[in-house]
K.L.:
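Let me begin by handing over the structure; questions about it come next.
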Number of protein chains: 2
Amino acid sequence: MPKQVDHDERRRQLTEALLRIASTRGLQAVSMREIAAEAEVSLRVVQYYFTNKQALLESGLTELGARMDRRVRQRAAAAAGELTPRGVLAAVLGAILPSDEQSRLDSLAWTAYYTAALTDPALAATGLTLPNALEDFLTARLTTAQQAGDIDPDRDPRTEVAALLALANGLTSSVLSRQRSHEAAAAIVDYHLDRLFGPRATLRPSLD
Amino acid sequence: MPKQVDHDERRRQLTEALLRIASTRGLQAVSMREIAAEAEVSLRVVQYYFTNKQALLESGLTELGARMDRRVRQRAAAAAGELTPRGVLAAVLGAILPSDEQSRLDSLAWTAYYTAALTDPALAATGLTLPNALEDFLTARLTTAQQAGDIDPDRDPRTEVAALLALANGLTSSVLSRQRSHEAAAAIVDYHLDRLFGPRATLRPSLD
DNA sequence: TCTTAATGGATACAGTCGTATCCTAACCGA
DNA sequence: TCGGTTAGGATACGACTGTATCCATTAAGA
């Protein structure tokens with residue numbers, strides 16, 4: 001293999017450059033030329049590996065989704081034996097809140113995409129499937145937890161999950177604007193999980 | 001006094017045109033020429049009443065804040081004699097959630113501004129003061145409510161207010177993306193207010 | 001009535017945007 | 001060794017951006 005700097009590797013580098021710009025200077029600052037400069041390649045190279053700006057933007061959104069997925073799995077793995085329903089919820093909600101610099105940047109980019117999708121139907125299709133899938137998944141887990149008697153029978157799992165996800169999103173927004181620290185946001189989430197699952201040992205998020 | 005088509009009236013028309021574009025096509029679709037077209041005036045008129053695009057954008061943000069303020073007061077007035085702490089909270093949270101087409105458009109524009117402010121320090125100063133002021137105000141009300149014995153003494157007013165505001169923001173986001181209806185979001189908010197204030201008569205938001 | 005300031009139409013300017021084209025190299029299998 | 005594909009440099013095109021300038025019209029104060 002001669003030329004072969006690897007097609008996919010190149011695309012990954014460019015996508016990362018795109019996300020770096022989107023998270024620090026916003027999605028409107030993303031242009032073909034800016035990406036080329038950020039990745040230290042020529043404009044032609046960006047055009048070569050992505051036919052469109054549209055294709056480039058979609059690649060960025062896909063990568064963000066993959067990173068989020070990776071973070072959730074990491075937390076689930078870190079919780080080790082604690083595969084309790086509460087452990088799953090804590091892992092997902094903990095993965096949503098920006099905890100370190102990288103997840104903060106990713107959240108900023110994600111917010112930028114989400115906002116753009118609200119007025120751009122092209123992005124809406126790609127971007128809004130993840131939240132729905134998450135809600136369905138968590139609701140299923142919480143329903144079995146309720147059947148096992150782990151939470152009050154008068155709670156509605158779907159409503160509880162919707163509220164927790166909305167809470168995490170709202171808290172994320174306040175963390176991104178530096179209204180609140182990550183720790184303060186995580187404490188609020190824990191508090192609500194305690195209320196939901198009743199008095200029992202708290203799973204510590206154990207972040208940085 | 002010269003021509004007197006009223007300077008302020010003209011500026012208001014242009015600001016409204018700006019917000020109409022921002023809420024339907026996004027903040028990146030806002031240009032001097034687009035505003036001129038939307039307001040059915042010439043480009044020169046837009047330039048005449050606003051020195052900068054920056055000044056125009058700031059005017060839009062100020063107007064959005066004023067509208068939100070108006071909506072909160074309207075709900076507070078509609079709650080009439082119900083000036084209980086819970087009534088105040090219900091009014092504010094109900095005003096945050098998009099309930100009709102106009103408030104939906106305003107929320108979309110607000111979200112666009114908020115996202116832009118995350119990466120544009122110029123907007124951050126103007127835009128992020130309102131949420132903080134709201135949180136302080138509501139915390140004060142909830143604290144006196146706690147001293148009067150209306151809520152559990154082991155609740156932390158600041159945390160509760162922060163959680164409710166974050167919840168409302170997260171729900172707003174899901175309403176905007178049509179993941180959830182306004183009614184579903186309002187029900188979740190009511191549910192949490194019930195939990196906070198204990199079993200008592202619920203203030204009905206009475207929104208179409 | 002004359003002057004002057006307010007108002008706004010028409011046009012221009014220098015950038016930046018996404019995209020397209022032209023032209024080298026370098027490497028492949030045949 | 002010879003096409004042919006892959007990879008990328010250089011440049012150009014038309015559209016759009018914010019802003020500035022030139023000019024005409026109008027109304028109010030003197």
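Below, read A as the first sequence line, B as the second, and so on, with proteins coming before strands; counting in each chain starts at 1.
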K.L.:
Report yes if at least one side-chain N or O of A/Tyr48 is closer than 4.0 Å to OP1 or OP2 of D/dG8; otherwise report no.
P.N.:
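No, no such contact exists.
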K.L.:
Under a 4.0 Å heavy-atom cut-off, which of residues 12-24 of chain A touch DNA chain D?
P.N.:
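The stretch gives none, as no residue of it lies under 4.0 Å from the strand.
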K.L.:
Got a sec, which residues hit side-chain contact (heavy atoms from CB on, under 4.5 Å) with B/Glu34, two or more places apart in sequence or on another chain?
P.N.:
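Partners of B/Glu34 by the side-chain contact (heavy atoms from CB on, under 4.5 Å) criterion, ordered by chain and then number, come out as B/Ile21, B/Arg25, B/Ser31.
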K.L.:
Output a table of nitrogen or oxygen pairs between the protein and nucleotides 15-18 of chain D separated by less than 3.5 Å.
P.N.:
residue : atom : partner : partner atom : Å
D/dT17  : OP1  : B/Ser31 : OG           : 3.4
D/dG18  : OP1  : B/Lys53 : NZ           : 2.8
D/dG18  : OP2  : B/Met32 : N            : 3.0
D/dG18  : N7   : B/Arg33 : NH1          : 2.8
D/dG18  : O6   : B/Arg33 : NH2          : 2.9

K.L.:
Roughly, in whole Å, what's the span from CD in A/Gln28 to P in C/dT16?
P.N.:
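Interatomic distance, CD of A/Gln28 to P of C/dT16: 15 Å.
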K.L.:
Apply salt bridge (Lys or Arg N to Asp or Glu O under 4.0 Å) to A/Asp194 and A/Arg86, showing your working.
P.N.:
CA-CA 9 Å; A/Asp194 284 342; A/Arg86 168 165 185 153; 2.9 Å; yes
K.L.:
Distance check needed: C/dG18 C1' versus A/Leu57 CG, whole Å only.
P.N.:
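A/Leu57 atom CG is separated from C/dG18 atom C1' by 12 Å.
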K.L.:
Which residue pairs pass the salt bridge (charged side-chain N to carboxylate O under 4.0 Å, His left out) test with at least one member in residues 35-53 of chain A, sequence neighbours excluded?
P.N.:
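Residue pairs passing salt bridge (charged side-chain N to carboxylate O under 4.0 Å, His left out), neighbours aside: A/Arg20-A/Glu38.
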K.L.:
Calculate the interatomic distance between A/Tyr49 atom OH and C/dT19 atom P; express it in whole Å.
P.N.:
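Nearest whole value for this atom pair: 19 Å.
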K.L.:
In whole angstroms, how far is the P atom of C/dT7 from the CD atom of B/Glu9?
P.N.:
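Answer to the nearest Å: 14 Å.
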K.L.:
Using every non-hydrogen atom in the two residues, find where B/Leu108 and B/Ser23 come nearest and quote the distance to one decimal.
P.N.:
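Closest heavy-atom pair between B/Leu108 and B/Ser23: CD1-O, 3.4 Å.
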K.L.:
The criterion is side-chain hydrogen bond (donor to acceptor under 3.5 Å, both in side chains); which residues satisfy it with A/Thr159, sequence neighbours excluded?
P.N.:
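A/Thr159 satisfies side-chain hydrogen bond (donor to acceptor under 3.5 Å, both in side chains) with A/Asp156 only.
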K.L.:
Does a salt bridge link B/Glu9 with B/Arg12, judged by any charged N lying under 4.0 Å from a carboxylate O?
P.N.:
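Result for this pair is yes, salt bridge flagged.
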K.L.:
Between the side-chain atoms of B/Arg44 and the base atoms of D/dT21, is any donor-acceptor pair under 3.5 Å?
P.N.:
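Check passes, donor-acceptor contact within cut-off.
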K.L.:
Could you tell me the separation between the NE2 atom of A/His7 and the C1' atom of D/dT6, rounded to a whole number of Å?
P.N.:
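Rounding to the nearest Å, NE2 of A/His7 and C1' of D/dT6 are 10 Å apart.
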K.L.:
List the residues meeting salt bridge (Lys or Arg N to Asp or Glu O under 4.0 Å) with A/Arg67, not counting sequence neighbours, and say none if there are none.
P.N.:
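For A/Arg67, the residues satisfying salt bridge (Lys or Arg N to Asp or Glu O under 4.0 Å) (neighbours in sequence not counted) are A/Glu63, A/Asp106.
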K.L.:
Judged by modelled atom types alone, do B/Asp100 and B/Ser103 share a side-chain donor-acceptor pair under 3.5 Å?
P.N.:
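Yes, a side-chain donor-acceptor pair sits under 3.5 Å.
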K.L.:
Among side-chain atoms of B/Tyr114 and A/Ser177, is any donor-acceptor pair under 3.5 angstrom?
P.N.:
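On atom types as modelled, these side chains qualify, holding a pair under 3.5 Å.
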K.L.:
Send over the distance from A/Asp6 CG to D/dA7 C1', rounded to a whole Å.
P.N.:
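Rounded to the whole Å, the gap is 14 Å.
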